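Nothing here was measured: the structure is a model prediction, and the numbers come from that model. In what follows, chains are A, B, ... by sequence order, proteins preceding strands, each numbered from 1.
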Amino acid sequence: MTTFRSDLIQTLTARGFMHQCTDLEGLDAKAAKETVTGYIGFDATADSLHVGSLLPIMMLRWMQKTGHRPIALMGGGTTKIGDPSGKEESRQLLDDATINSNIASIQSIFDKFLTFGTGAKDAVIVNNADWLDGLQYIPFLRDIGRHFTINRMLTMESVKVRLEREQPLTFLEFNYMILQGYDFVELFKRHKCTLQLGGSDQWGNIVQGVDLGRRIAEAELFGFTSPLITTASGAKMGKTAAGAVWLKAERLAPYGYYQFWRNTEDADVGRFLKLFTDLPLDEIAKLEALAGAEINDAKKVLALEATTLLHGRAAAEEAAETARRTFEQGGIGDDLPTVEVPANEFGAGMAIWALLARAGLAASNSEARRLIKGGGAKMNDQKIDDEGLLVTAATAVDGVIKLSAGKKRIALVRIV
RNA sequence: GGAGGGGUGGCCGAGCGGUCAAUGGCAGCAGACUGUAAAUCUGCCGACUUCACGUCUACGAAGGUUCGAAUCCUUCCCCCUCCA
């Protein structure tokens, strides 16, 4: 393996963050002798990010840990327009208030991974609405638009793919790479930012920004992309039975987050440890070497470390303990998802399917019934055979009824 | 503006007057096997009803023809291709 002079590039490449770089040697040399400011853009369409954003966040984290300055760019301006790349349905347009509250909410996630402040190496959050909102069309076209040729833009992968598949590409989308390129130059001017990182799908946009910087600001800018992370089975990362894996505890409790990592496929463990934890590489190498059922120990480490980064050590350990008690001892952990149901609602008995739905283990009563028919439902570890089973408050053990849907989805009903 | 093609369940994609809640694939859920893994096999997979081949809602939208329409007709909306 090639050795790099800078900690930054050495770390990013060794841990598997590297996919493409506009000038790897140049960037390495620069990072070895001075503090580099680099940024990644994030969308502000929701009040939380999900694991898909974790990889870029980790890149910013490593930037800071290796002595450089990360910028998280919130797409406040671009979100306002609504990125149409989601194919058909045009995204709902958000107003300023929503966008700003989303940004504030997302910042609390960044706080877990980065140190913010006003110092030379402190991370900052910037909103591109600051400069995009005030843009005037004609001056923008004259100053910026003239540096982009349609010829070149048509060769961009993202554009080519759309054209080849005969899928619509709106003028608005077509302009995205220009706006993103402009963002880069603005950040260079305002914050001396000379590096943009992003997912491999951002390559084209990033390169445009690098070129634009050279043309209008005589700046030497760098682009660096990370590979698209899929699971070993080829699926996109980040989906579970419960839906998206959110990074906000309000949307996905630490226990759920822990379980997401705990259920990683064997073949992914080593890669994920490098990407999503801070563990030293030699330690990861040892964990990765575990074979057979022992690989589960590595998964526990992965889950614990990843959860610690986001939710803190205490919450992570609590989640780990709940998982241990629940799965290894068949008991009940404190951290399991719990639904409170008033005792009087049980009356003479509540239908078991209604209870399953209430506990969030089934999306509807019908789904709960199907689950029972399929033999996947359990109450207090007893398989439920009778669909018409009525549950009374007396079923509870210590005021709690344990419900399971399959082996992994477990919820508690606490009678109050 | 002209000519042609198309809009079907989370996605892709059949169906082209009845037996269509709609073939198939993917995704998802559950069961078996396991290691809270993968692969494989099996079942489920619109919603609602204390579940019966019952009710409701669905095949871009609105009307119409028919005993009966996703399937035929009319109008409208949207997308694609070619021409101007």
Side-chain angles (χ1 to χ4, degrees), chain A residues 84 86-90 162-170 173 230-245 255-273 287-288 290-304 307 319-333 335-337 346-378 381 383-392 403-411:
Chain A
K87 240 186 78 184
E88 304 246 337
E89 73 277 24
S90 53
R162 287 294 194 82
L163 294 180
E164 277 164 15
R165 289 187 190 163
E166 301 189 346
Q167 284 171 342
L169 175 75
T170 66
E173 282 173 285
T230 54
T231 66
S233 336
K236 264 193 192 163
M237 237 187 103
K239 278 173 34 178
T240 64
V245 179
Y255 169 74
Y257 191 71
Y258 178 93
Q259 283 297 303
F260 167 73
W261 294 106
R262 176 64 250 267
N263 286 311
T264 298
E265 295 175 25
D266 285 8
D268 289 326
V269 176
R271 198 159 50 108
F272 285 3
L273 278 166
L287 290 167
E288 211 174 358
L290 296 172
E294 288 189 343
I295 194 86
N296 277 318
D297 291 335
K299 292 184 191 179
K300 286 180 198 167
V301 173
L302 171 64
L304 183 68
T307 308
E321 174 61 14
T322 290
R324 197 185 65 76
R325 294 227 300 262
T326 305
F327 291 101
E328 293 176 21
Q329 301 181 347
I332 294 175
D335 229 10
L336 290 172
F346 281 88
M350 182 186 276
I352 181 62
W353 74 77
L355 198 59
L356 283 165
R358 184 79 175 263
L361 293 177
S364 67
N365 292 342
S366 301
E367 194 179 301
R369 279 175 180 280
R370 271 183 241 121
L371 183 69
I372 297 166
K373 272 185 191 159
K378 277 187 284 212
D381 299 317
K383 185 175 164 194
I384 300 168
D385 294 311
D386 176 15
E387 255 180 81
L389 183 68
L390 292 178
V391 182
T392 62
L403 295 174
S404 318
K407 276 173 251 169
K408 288 188 226 163
R409 292 154 60 219
I410 297 169

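B:U50 atom P lies 9 Å from atom CG of A:Asn365, rounded to whole Å. Look at CD1 on A:Ile410: it is 15 Å from C1' on B:A30, rounded to the nearest Å. When the P atom of B:G31 is taken as reference, atom NZ of A:Lys383 falls 9 Å away, rounded to whole Å. Distance CZ (A:Arg271) to P (B:A37): 19 Å, rounded to an integer number of Å. Per the geometry, NZ belonging to A:Lys300 stands 10 Å off C1' belonging to B:U36, to the nearest Å. Whole-Å rounding puts the A:Ile295 CD1 to B:U36 P distance at 14 Å. Distance CG (A:Asp381) to P (B:U36): 15 Å, rounded to an integer number of Å. Taking atom CG on A:Asp268 and atom C1' on B:A37, their separation rounds to 10 Å, with Å as the unit.
Separating the C1' atom of B:A39 from that of B:C33 is a span of 11 Å, rounded to the nearest Å. Rounded to whole Å, the C1' atom of B:U66 lies 16 Å from the corresponding atom of B:A70. As rounded to the nearest Å, B:A52 and B:C76 have P atoms that lie 49 Å from one another. Rounded to whole Å, the P atom of B:C59 lies 14 Å from the corresponding atom of B:C11. Taking atom C1' in both B:C20 and B:U57, the straight-line distance is 15 Å, to the nearest Å. Nucleotides B:U55 and B:A61 place their P atoms 23 Å apart, quoted to the nearest Å. Rounded to the nearest Å, the gap between the P atom of B:A14 and that of B:U65 is 32 Å. Comparing the C1' positions of B:C80 and B:C45 gives a spacing of 32 Å, expressed to the nearest Å.
Residue contacts for A:Ala354: at a heavy-atom cut-off of 4.0 Å it reaches no nucleic acid atom on any strand shown. A:Leu390 comes within 4.0 angstrom of no nucleic acid atom, judged by non-hydrogen atoms across all strands. Nucleic acid contact class of A:Arg262 (heavy atoms, under 4.0 Å, all strands): base.
Side-chain proximity of A:Glu265 to B:A37, B:G35, B:C29: nearest is B:A37. The side chain of A:Arg370 approaches B:C45 more closely than any other nucleotide in the set B:A38, B:C45, B:U36. The nucleotide whose nearest atom lies closest to any side-chain atom of A:Asn263 is, among B:U36, B:C45, B:A37, B:U36. Comparing B:A37, B:C44, B:C33 by their nearest atom to the side chain of A:Lys407 picks out B:C33.
Applying the 4.0 Å criterion to OP1 and OP2 of B:U36, one finds that A:Arg324 has every side-chain N and O outside that range. Residue A:Ser366 places at least one side-chain N or O under 4.0 Å from the OP1 or OP2 atom of B:C48. In this structure, A:Lys408 reaches the B:A37 phosphate: one of its side-chain N or O atoms is under 4.0 Å from OP1 or OP2.
Residue A:Ala377 is the one, among A:Trp353 and A:Ala377, whose nearest nucleotide of RNA chain B lies closer to the 5' end (criterion: closest heavy atom). With RNA chain B read from its 5' end, the first of the two nearest nucleotides for A:Gly292 and A:Gly406 is the one closest to A:Gly406.
In this entry B:G10 has B:C26 as its Watson-Crick or G-U wobble partner, both defining distances falling under 3.5 Å. In a base pair of the Watson-Crick type (N1 to N3 plus N6-O4 or O6-N4) or a G-U wobble (N1-O2 and O6-N3), with each distance short of 3.5 Å, B:C82 is matched with B:G2. Figure legend. B:U74 is base-paired to B:A62; pairs are counted as Watson-Crick or G-U wobble with both atom distances under 3.5 Å. For B:A21, there is no paired nucleotide, since no Watson-Crick or G-U wobble pair has both relevant distances below 3.5 Å.
Once rounded to the nearest 0.5 Å, the distance linking CG of A:Leu390 with CG of A:Leu355 reads 11.0 Å. One distance of note links CG of A:Asp385 with NZ of A:Lys373; it measures 14.0 Å at 0.5 Å rounding. Rounded to the nearest 0.5 Å, atoms OH (A:Tyr258) and OG1 (A:Thr322) are 9.5 Å apart. Note that CZ of A:Phe327 is 10.5 Å distant from NZ of A:Lys407, once rounded to the nearest 0.5 Å. In this structure, the separation between CG on A:Leu287 and NZ on A:Lys300 is 12.0 Å, given to the nearest 0.5 Å.
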Report task. Tell me, with the steps shown, if A:Asp381 and A:Lys378 meet salt bridge (charged side-chain N to carboxylate O under 4.0 Å, His left out). Result -> CA-CA 5 Å; A:Asp381 299 317; A:Lys378 277 187 284 212; 5.9 Å; no
Query raised in the report: For A:Ile372 and A:Leu356, what are the C-alpha separation, side-chain angles and deciding distance, and is it a side-chain contact (heavy atoms from CB on, under 4.5 Å)?
Result: CA-CA 10 Å; A:Ile372 297 166; A:Leu356 283 165; 3.9 Å; yes
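In the interface, the side chain of A:Gln259 is paired with the base of B:U36 through a donor and an acceptor atom under 3.5 Å apart. Counting atom types as modelled, A:Arg369 pairs a side-chain N or O with a base atom of B:C51 as donor and acceptor under 3.5 Å.
With A:Arg409 contributing its side chain and A:Leu361 its backbone, the two residues share a donor-acceptor pair below 3.5 Å.
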